[in-house]
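Please read the structure below before turning to the comments.
Along the sequence shown, residues are numbered consecutively beginning with 1. Since this is a predicted model, take the numbers as computed values, not measurements.
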Amino acid sequence: MASIHEKFTEVFCSCICDQCFIFFLLAIVVLKLARRAKIKANINLPPSPRKLPIIGNLHQIGPLPYRSFRALSQKHGSLMWLQLGQTQTLVVSSPDLVREIIQTHDLIFSNRPKFTAARYILYGCNNIGFASYGESWKLKRKICVLELLSFKRVQSFSVIREEEVAELVRKISEAMMRDASSMNLSELLLEAADNIICKCALGKKYTNSRIKELARKVMIQLTVVTVGDRFPLLSWVDSLTGRIQQFKATFRAFDALFDEVIAEHKKVQREADHCSTEKDFVDILLQHQKGGMPDSQLTNNDIKSILLDMFAAGSDTTASTLEWAMTELMRNPMKMKKAQEEVRKVVGHKSKVEEDDINQMEYMKCVVKETLRMYPAAPLLAPRETSSNVRIRGYDIPAKTLVYVNAWAIQRDPELWERPEEFIPERHGNNQVPSKGQYIPFGFGRRACPGMTFGLASVEYMLANLLYWFNWKLPTSYTSAQDIDITERYGLVTSKKMPLHLKPVPFSF
């Protein structure tokens with residue numbers, strides 16, 4: 001009897017302790033929520049749509065968030081507050097606010113949120129795109145801007161662009177002879193963009209699909225918003241669903257690939273002539289690693305994170321911009337004719353389009369600018385995070401607020417642009433420059449995209465060749481150009497949901 005009594009007492013006390021512990025946890029949660037509500041009551045947050053308990057405004061965000069944000073901002077203002085799960089979020093949809101951020105608060109808005117996918121795949125957010133603002137980030141960005149992506153360096157890669165675009169033209173010609181109906185231009189553009197970034201960054205093309213498959217996987221996984229991103233207390237769910245394991249597997253695969261690339265480059269450097277001038281991104285970074293100042297040494301992980309940046313922001317943005325440019329030119333035959341006439345007049349009867357010719361193609365450059373206005377590769381730019389409390393337009397923005405700048409909405413605002421939903425390259429003619437904050441496809445301020453010069457060089461040269469060598473027709477299944485599907489697919493880079501199929505016809509003088 002005594003042992004049963006003791007057992008009962010032990011179980012009873014254990015239950016009481018468990019209940020006390022649960023009650024204690026609940027009390028802490030209630031107190032924290034009450035404290036948060038009290039703090040919020042004392043600050044003046046921007047206007048916000050009505051939200052539901054727990055999920056906040058998540059139910060109001062559709063598959064194309066930039067469109068959802070614009071619809072909500074039209075009702076609640078260009079400075080709008082949202083609660084996405086447990087994430088406090090600010091949406092900016094006005095060039096005036098962008099200018100105010102640039103001029104007054106750029107430093108406070110220069111941090112990046114550390115989403116789960118980026119932490120696992122991008123070396124703990126050690127890269128340029130997702131790293132928090134600080135000395136390490138400034139050093140890496142400086143190296144990229146001066147050593148990898150400067151105008152002089154971009155010019156040095158012209159031979160690579162010419163070789164790969166010549167290969168693209170050859171493949172289009174071959175595809176044209178194999179199939180008289182149409183060809184998947186989107187696929188060929190992505191392959192060419194991949195080859196350019198591979199040769200510039202790693203020194204060679206990868207004939208197997210390994211690196212290209214990994215690059216696509218990274219692009220997809222970096223767009224994943226996990227349960228833990230919206231509800232930190234439930235981050236354990238991401239392990240149960242297998243998300244974390246997927247991120248780790250992708251990281252390991254890319255990390256192993258970059259280890260091979262770095263080892264191969266070091267071996268070549270030991271054996272090759274030190275006077276060689278042909279250097280890719282890896283060579284330049286290794287040179288900086290070996291000969292840099294003591295306070296600017298790069299680790300192998302630093303090099304790998306920078307290379308991963310090149311792939312995450314390089315090939316898909318180029319291919320997507322070209323895809324949209326050709327789509328809009330097909331939908332606007334007079335614009336297509338005008339662009340082709342200019343390109344062919346500048347190039348004349350030469351055997352190839354030379355990069356020096358591009359500077360004379362003013363209208364074609366306007367086509368690229370208008371494409372980036374209507375279809376920015378990152379419609380919400382890269383998300384930002386406030387590093388401290390800040391006050392804007394009389395509203396209080398707390399530290400650690402997730403910030404989206406809706407570039408897509410700003411660049412289609414009817415108060416800023418005449419007929420904004422129409423493709424009008426002429427609006428960019430005569431070197432007209434939109435007011436600051438009105439045209440921001442490459443971001444702005446400290447966190448503006450450092451690869452703008454590199455990206456534009458590839459886009460403009462590839463587009464000039466597409467317009468020079470071929471006339472383009474719709475597939476026979478289309479009744480008109482309006483049959484081309486322009487539905488978007490949202491991701492780290494927003495592209496056409498359906499690939500662009502066109503029929504090339506060789507042009508001959």
Least distance between heavy atoms, [X] atom then [Y] atom:
X: His76; Y: Pro47; result: O-CB, 3.3 Å
X: Arg447; Y: Ile128; result: NH2-O, 2.9 Å
X: Gln411; Y: Leu372; result: NE2-O, 3.1 Å
X: Thr386; Y: Thr401; result: OG1-N, 2.9 Å
X: Val368; Y: Leu463; result: CG2-CD2, 3.9 Å
X: Pro113; Y: Leu402; result: CG-CD1, 3.5 Å

Which word best sums up how the rings of Phe281 and Phe157 line up, parallel for under 30°, tilted for 30 to 60°, or perpendicular for over 60°?
perpendicular

Looking just at side-chain N and O atoms, do [X] and [Y] make a donor-acceptor pair shorter than 3.5 Å?
X: Thr116; Y: Thr226; result: yes
X: Thr250; Y: Gln221; result: yes
X: Ser495; Y: Arg489; result: yes
X: Glu426; Y: Tyr363; result: yes

Strictly distance-based, threshold 3.5 Å: is any side-chain N or O of [X] a donor or acceptor partner for the main-chain N or O of [Y]?
X: Ser186; Y: Leu500; value: yes
X: Arg230; Y: Ile55; value: no
X: Ser48; Y: Trp81; value: yes
X: Asn57; Y: Gln83; value: yes
X: Thr223; Y: Ile220; value: yes
X: Ser73; Y: Arg70; value: no
X: Lys338; Y: Pro333; value: no

Pair [X] + [Y]: basic N to acidic O under 4.0 Å:
X: Glu460; Y: Arg161; result: no
X: Lys199; Y: Glu164; result: yes
X: Arg427; Y: Glu418; result: no
X: Lys335; Y: Glu328; result: no
X: Lys350; Y: Glu354; result: yes
X: Asp316; Y: Arg216; result: yes
X: Glu421; Y: Arg412; result: yes
X: Lys345; Y: Glu341; result: no

Nearest 0.5 Å, please: how far is [atom2] in [Y] from [atom1] in [X]?
X: Ser158; Y: Tyr461; atom1: OG; atom2: OH; answer: 8.5 Å
X: Leu52; Y: Leu58; atom1: CG; atom2: CG; answer: 9.5 Å
X: Cys449; Y: Ile440; atom1: SG; atom2: CD1; answer: 13.0 Å
X: Gln60; Y: Phe69; atom1: CD; atom2: CZ; answer: 10.5 Å
X: Cys144; Y: Leu149; atom1: SG; atom2: CG; answer: 5.5 Å
X: Arg119; Y: Lys114; atom1: CZ; atom2: NZ; answer: 9.5 Å

Is the number of heavy atoms from other residues, nucleotides or ligands within 6.0 Å of [atom1] ([X]) greater than 12?
X: Glu415; atom1: CD; answer: no
X: Glu362; atom1: CD; answer: no
X: Lys217; atom1: NZ; answer: no
X: Glu100; atom1: CD; answer: yes

Apply salt bridge (charged side-chain N to carboxylate O under 4.0 Å, His left out) to Glu191 and list each qualifying residue two or more places apart in sequence or on a separate chain.
Lys171

Residue list, side-chain contact (heavy atoms from CB on, under 4.5 Å) with Ala175, at least two apart or on another chain:
Arg178, Met183

Would you check, one step at a time, whether the test side-chain hydrogen bond (donor to acceptor under 3.5 Å, both in side chains) holds for Thr494 with Glu488?
CA-CA 7 Å; Thr494 298; Glu488 307 111 303; over 6 Å; no

For a side-chain contact (heavy atoms from CB on, under 4.5 Å) check, start with the C-alpha distance between Ile306 and Leu148, then their side-chain angles and the critical distance, and finish with the verdict.
CA-CA 10 Å; Ile306 292 173; Leu148 305 181; 4.1 Å; yes

Let's go through Tyr404 and Tyr66 carefully: what are the C-alpha distance in whole Å and the side-chain angles of both, what is the deciding distance for ring-ring contact (aromatic ring centres under 6.0 Å, His included) to 0.1 Å, and is it a yes or a no?
CA-CA 9 Å; Tyr404 287 113; Tyr66 49 94; over 10 Å; no

Arg384 charged N/C atom sitting above Phe444 aromatic ring, 6.0 Å / 45°:
yes

Taking side chain to side chain contact (heavy atoms under 4.5 Å, CB included) as the criterion, tell me which of Asp255, Asn127, Leu308, Val224 meets it with Ile121.
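Single side chain to side chain contact (heavy atoms under 4.5 Å, CB included) partner of Ile121 among Asp255, Asn127, Leu308, Val224: Leu308.
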
Can you list the steps and then say if Phe247 with Phe251 is a ring-ring contact (aromatic ring centres under 6.0 Å, His included)?
CA-CA 6 Å; Phe247 298 155; Phe251 167 78; over 10 Å; no

Applying ring-ring contact (aromatic ring centres under 6.0 Å, His included) to His428 and Tyr439, what does each step give before you reach the verdict?
CA-CA 11 Å; His428 303 279; Tyr439 182 77; 5.8 Å; yes

